[in-house]
Amino acid sequence: MKDHELIPLLSAIALAAIIAACLIGSTAMSPGRLLAALAGAGSTGDAIVLWEIRLPRAIAAFVVGAALGLCGAALQGLLRNPLAEPGVLGVSACASLGATLALFYGAASLSPITVPIAAISGALAATTLLSIAAIHTSSVITLILIGFGLSSFAGALMALLLNLAPNPFTLSDLISWTLGSVANRSFDDILLAAPLMVVGLVFIVLSRRALSALSLGEEAAHGLGVDLPRARSFVILGTGLIAGAAVSIAGAIGFIGIMAPHLVRPLVGHDPARTLAPSAILGGVILVLADIGVRLIPAPTELRLGVVAALIGAPAFVWIAIGRGRANG
Amino acid sequence: MAEINLNNVCVEAGGARLLQNVSASIRSGELIALIGPNGAGKSTLLKCALALMTPSAGTVTINGKAIADLSPIERARLVSYLPQSRLLAWPVRVRDVVALGRYAYGASTTKLKGEDTAAVAAAMHDCDLNHLADRRTDTLSGGELARVHCARAFASKAPLLIADEPVASLDPSHQFQIMSLIRAYVDNGGGGVVVLHDIALAARFADRLIWMKDGEIHANGGVEETLTEARMKQIFSVTAIVAKDQNSWSLTVTGGCS
């Protein structure tokens, strides 16, 4: 497949997935009623279901999936390893720890921007720590272990907060951050996170050529003219902003950042720069489809999106790790 | 014309002296072979010349300017680098690897403009890679991959080339092929330094030999002048018979000595 065909194709699939997400639900909406609601005609009930519930939810799933797909592709390019991803490296866990801290101490009521800022601070703290570690070790295994440690530590602190939660209301709020979900998201939630994502996107786009150059290793990339400290800090800052903003919308959702780039890479000649955009779109598609699944699976209480993503993603992670171990002999 | 000058460069790391008062210059029109046993400081010297390492004393300049003061882009336009490792993190396509040589000119793998396209095409042609353009690098033989890396260095059109063991783990025919490519690059106005362990190969292709041991330069001069049996004993602690037949040198190591 030609590169310039891939992005339009994936975009069309994304659009179809979002439309499907609007049609499918506890009560199915016919395409005719969907069009009427979109145009502002049709029944008030349909308009509310579409504009207040289904469309924001589908867009939130897409934006979060795209953010995670992009962060995965960028981190993998920087660390030159297909297992790097905000979830695996503990970035998402630290971001949700930041968000839960803000919720727990009531800072969330001060201003709507508090939770996104807390989430992003958590994400940046994690990415900074990882980048310092990356300077001192060339072993990606070490980095993944550090990420595992970060994840576990953030998880332990969150468990502590759950343990100390003063009332059931806070408890359910905290659980929803830990497990990840896009249910009941409004356009306001997305708009709050969007500017931070755009800033992060600029950092990633500015580093895309450096990511390609890093295919040759750090020394060769230096020889090509890559400003390594700059490239490293741009990718770290960019992924911290984007992953943190994604967590502020949906909580911690793992493995999308591994699956999307892995599927895209063979289609774009394995070039890290070309992997970025398609990974983002595919990550969005995967999460929209997973969220449709969440809504369709009959269960006494709705399944959490993060749980479903992990159920699909964790085996994929193991699969990729095994394939990689074999390739390296 | 371009010239890198190392002036009384010393490098210390963890209490060990890796380089001791090393002075040398790398300039257009000349191919230098850097020779010496493992741990002699050859790679350290190259890294200082590329600003990959900062000397603890001494200066490194390129065209008269301190190399640390150049931006990475300015430096990369003057000197290209072939590190020892040819491994790629991803099985990128051959054409995309060669295109990376144009990084310092703002080219991206996704979009090559006029001059970049021409430079990439010329480098691919010179290194006989046209038939491999769309191949994944993980399907190439060691010799083919070495040619890909040469092509990406040549594509940058930098006047100087620094190559750390460009022929390591290649068969004799590919060693000869890679050295011929580098020789042609120098004959067309380039200049460079290559680390080589095959001294006969170095003597055949290089204009000048720099002999290193224990972080110091022991000899620096033409092949005839510096390649002697006494030198082999001094640098490598081996007894060897050195002979010249027309243009090619032969070297037979007859024994190690202590």
Side-chain angles (χ1 to χ4, degrees), chain A residues 1-4 6-7 73 75-84 138 140 205-232 261-262 264-278 323-324 326-329, chain B residues 43 46-47 49-53 70-111 133-139 145 148-149 152-153 155-156 158 160-164:
Chain A
M1 189 184 308
K2 290 281 185 296
D3 303 339
H4 59 265
L6 184 63
I7 292 176
L75 285 171
Q76 288 163 25
L78 181 72
L79 300 174
R80 302 188 298 285
N81 188 294
L83 298 178
S138 55
V140 180
V205 169
L206 287 175
S207 349
R208 71 194 189 290
R209 294 196 312 122
L211 293 178
S212 289
L214 277 166
S215 309
L216 299 174
E218 296 206 338
E219 287 192 356
H222 167 95
L224 290 173
V226 174
D227 187 338
L228 283 176
R230 194 185 93 133
R232 241 187 238 124
H262 182 74
V264 160
R265 211 169 270 125
L267 306 175
V268 295
H270 296 264
D271 174 29
R274 283 198 197 95
T275 308
L276 293 173
R324 196 172 157 73
R326 208 182 286 137
N328 291 348
Chain B
S43 296
L46 298 190
K47 283 178 182 168
L50 282 158
L52 262 171
M53 232 179 201
L70 262 67
S71 75
I73 295 286
E74 289 173 314
R75 189 201 60 240
R77 288 184 180 188
L78 291 172
V79 48
S80 60
Y81 175 42
L82 289 177
Q84 224 174 76
S85 165
R86 293 189 278 265
L87 274 180
L88 281 101
W90 313 102
V92 189
R93 286 185 287 235
V94 167
R95 190 196 314 274
D96 290 341
V97 178
V98 180
L100 286 176
R102 300 302 294 172
Y103 182 89
Y105 294 86
S108 75
T109 46
T110 48
K111 201 168 55 192
D134 292 313
R135 281 271 290 274
R136 285 167 54 142
T137 41
D138 62 345
T139 65
L145 190 57
V148 172
H149 283 288
R152 70 131 178 100
S156 76
L160 297 176
L161 168 73
I162 289 179
D164 197 352

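All chains are named by letter (A, B, ...) in the order of the sequence lines, taking the proteins before the strands, and each is independently numbered beginning at 1.
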Which atoms of [X] are under 4.5 Å from chain A, going by heavy atoms: the side chain, the backbone, both sets, or neither?
{"X": "B:Arg152", "answer": "side chain"}
{"X": "B:Ile162", "answer": "neither"}
{"X": "B:Val79", "answer": "backbone"}
{"X": "B:Ala99", "answer": "neither"}
{"X": "B:Ser85", "answer": "neither"}
{"X": "B:Pro83", "answer": "side chain"}

Quiz item: Do any N or O atoms from the side chain of B:Arg102 and from the backbone of B:Ala155 form a donor-acceptor pair under 3.5 angstrom?
Solution: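 Checking the backbone N and O of B:Ala155 against the side chain of B:Arg102, a donor-acceptor pair under 3.5 Å is found.
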Quiz item: Between A:Arg265 and chain B, which part of the residue has a heavy atom less than 4.5 Å away: side chain, backbone, both or neither?
Solution: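 The side chain, not the backbone.
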Exercise. Can you tell which part of A:Gln76 gets under 4.5 Å to a heavy atom of chain B, answering side chain, backbone, both or neither?
Key: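 Both parts, heavy atoms under 4.5 Å.
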Can you tell me which of [options] forms the most heavy-atom pairs within a distance under 4.5 Å of chain B?
{"options": "A:Val226, A:Leu214, A:Leu228, A:Asp227", "answer": "A:Val226"}
{"options": "A:Ala210, A:Gly217, A:Ala273", "answer": "A:Ala210"}
{"options": "A:Glu219, A:Arg209, A:Glu218", "answer": "A:Arg209"}

Self-check item: Heavy-atom check, side chain of B:Leu100 versus side chain of B:Val92, under 4.5 Å
Solution: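 Heavy-atom side-chain distance check fails, nothing below 4.5 Å.
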Quiz prompt | Min side-chain heavy-atom separation A:His270-A:Pro266 under 4.5 Å | solution =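 Sidechains of A:Pro266 and A:His270: in contact.
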Practice problem: Count the heavy-atom pairs under 4.5 Å between each of B:Ala76, B:Ala104, B:Pro91 and chain A, then report the option with the highest count. | Solution: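 Maximum pair count with chain A is reached by B:Pro91.
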Exercise. Determine the option with the most heavy-atom pairs under 4.5 angstrom with chain A, choosing from B:Ala89, B:Ala51, B:Ser80.
Key: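 Most heavy-atom pairs under 4.5 Å with chain A: B:Ala89.
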